[in-house]
Amino acid sequence: MLYLLTEEQKKKVLQEYRMRLIIVALISLSFVGVVAVVSIIPSKVLVSTHEKILKLQEKNVGGNSSVGADELSKKLADISNTASFLSPLGKTFSNLDIFSHLEKKAGDMTTIRQFQINHFDENVSVQLSGVSKNRDSLIKFINTLKQDPAFTGASFPYNSLARQDNLDFTLNLLVNVEKLKI
């Protein structure tokens, strides 16, 4: 069918299909964004509102009734745990802070190419991949990570040492957010 069309008509058809593809992609992205906002923001607002209400009730109860205060304290602790689940790193650290800390430890001879953070309850794990210019710089980077109290579980990638230069590596680390210093 396209062989029956002139060059100008082919260009118009191609332009029309590209425009439709762009419109469908934009509508899909908008839908995903709306669903994300609709599902996350109300739960965050609800949890923070409950937390504020319970703090005020606990403040009002004060020392009048230890049974009521204990019950409110338990509810407050439960809601605080739920709030910390919605924002696993709390308000003090972000993924960018962890990456910046790792980048400082890497130095000039080691490049981090891929960086992935996973959150488990209270634990944060990092998987990073990169290239080191030589063996000495890779060994220095891994030893620096082992000595840093903010990271644990830095295992040495022995398979990366097969070559002398431009060594690809992959590391899995556990992050101790309390000891992370920026």
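Values below: every heavy atom of this structure, side chains too, minus hydrogens, waters and symmetry copies. This one's a predicted model, so the numbers in the text were calculated from it and none came from an experiment.
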(request) Taking all heavy atoms of Ser132 and all of Leu138, pick out the closest pair and write down the distance. (result) OG-N, 3.1 Å

(message) side chain to side chain contact (heavy atoms under 4.5 Å, CB included) for Phe169 and Ile142? Distances and angles first, verdict last.
(response) CA-CA 10 Å; Phe169 66 90; Ile142 292 174; over 6 Å; no

(message) Let me confirm one number: the CG-NE2 distance from Leu145 to His101, rounded to the nearest 0.5 Å.
(response) 8.0 Å

(message) Test of understanding: clusters of I, L, V, M, F, W, Y form through side-chain heavy atoms closer than 4.5 Å, transitively. Do Phe115 and Phe151 belong to the same one?
(response) yes

(message) Take a 6.0 Å sphere around CG of Asp165 and say whether it holds more than 12 heavy atoms from other residues, nucleotides or ligands.
(response) yes

(message) Strictly below 4.0 Å, N to O, side chains only: are Glu8 and Lys12 in salt-bridge contact?
(response) yes

(request) Taking all heavy atoms of Pro42 and all of Ser39, pick out the closest pair and write down the distance. (result) CD-C, 4.2 Å

(request) Could you state whether Ile27 and Met19 fall into the same hydrophobic cluster, counting links through intermediate Ile, Leu, Val, Met, Phe, Trp or Tyr residues with side-chain heavy atoms under 4.5 angstrom apart? (result) yes

(request) Nearest 0.5 Å please: distance from the CG atom of Leu102 over to the OG1 atom of Thr144. (result) 11.0 Å

(request) Answer with yes or no whether the hydrophobic clustering places Leu171 together with Ile117; edges join I, L, V, M, F, W, Y residues whose side-chain heavy atoms lie under 4.5 Å apart. (result) yes

(message) For a salt bridge (Lys or Arg N to Asp or Glu O under 4.0 Å) check, start with the C-alpha distance between Lys10 and Glu7, then their side-chain angles and the critical distance, and finish with the verdict.
(response) CA-CA 5 Å; Lys10 286 180 186 179; Glu7 287 296 321; 3.7 Å; yes

(message) Tell me whether Leu46 shares a hydrophobic cluster with Val38, the cluster being built from Ile, Leu, Val, Met, Phe, Trp, Tyr side chains joined at under 4.5 Å.
(response) no

(message) Using 0.5 Å steps for rounding, measure from the CG atom of Leu128 to the CG atom of Leu173.
(response) 5.5 Å

(request) Mind listing the closest non-hydrogen atom pair of Asp108 and Lys133 along with its distance? (result) O-CE, 4.4 Å

(message) So, taking the atom named CD in Gln114 and the one named OG1 in Thr170, what distance separates them when rounded to the nearest 0.5 Å?
(response) 7.5 Å

(message) Once rounded to the nearest 0.5 Å, what's the spacing between atom OG of Ser28 and atom CD1 of Ile23?
(response) 11.5 Å

(message) Nearest 0.5 angstrom please: Phe141 CZ to Leu167 CG, how far?
(response) 13.0 Å

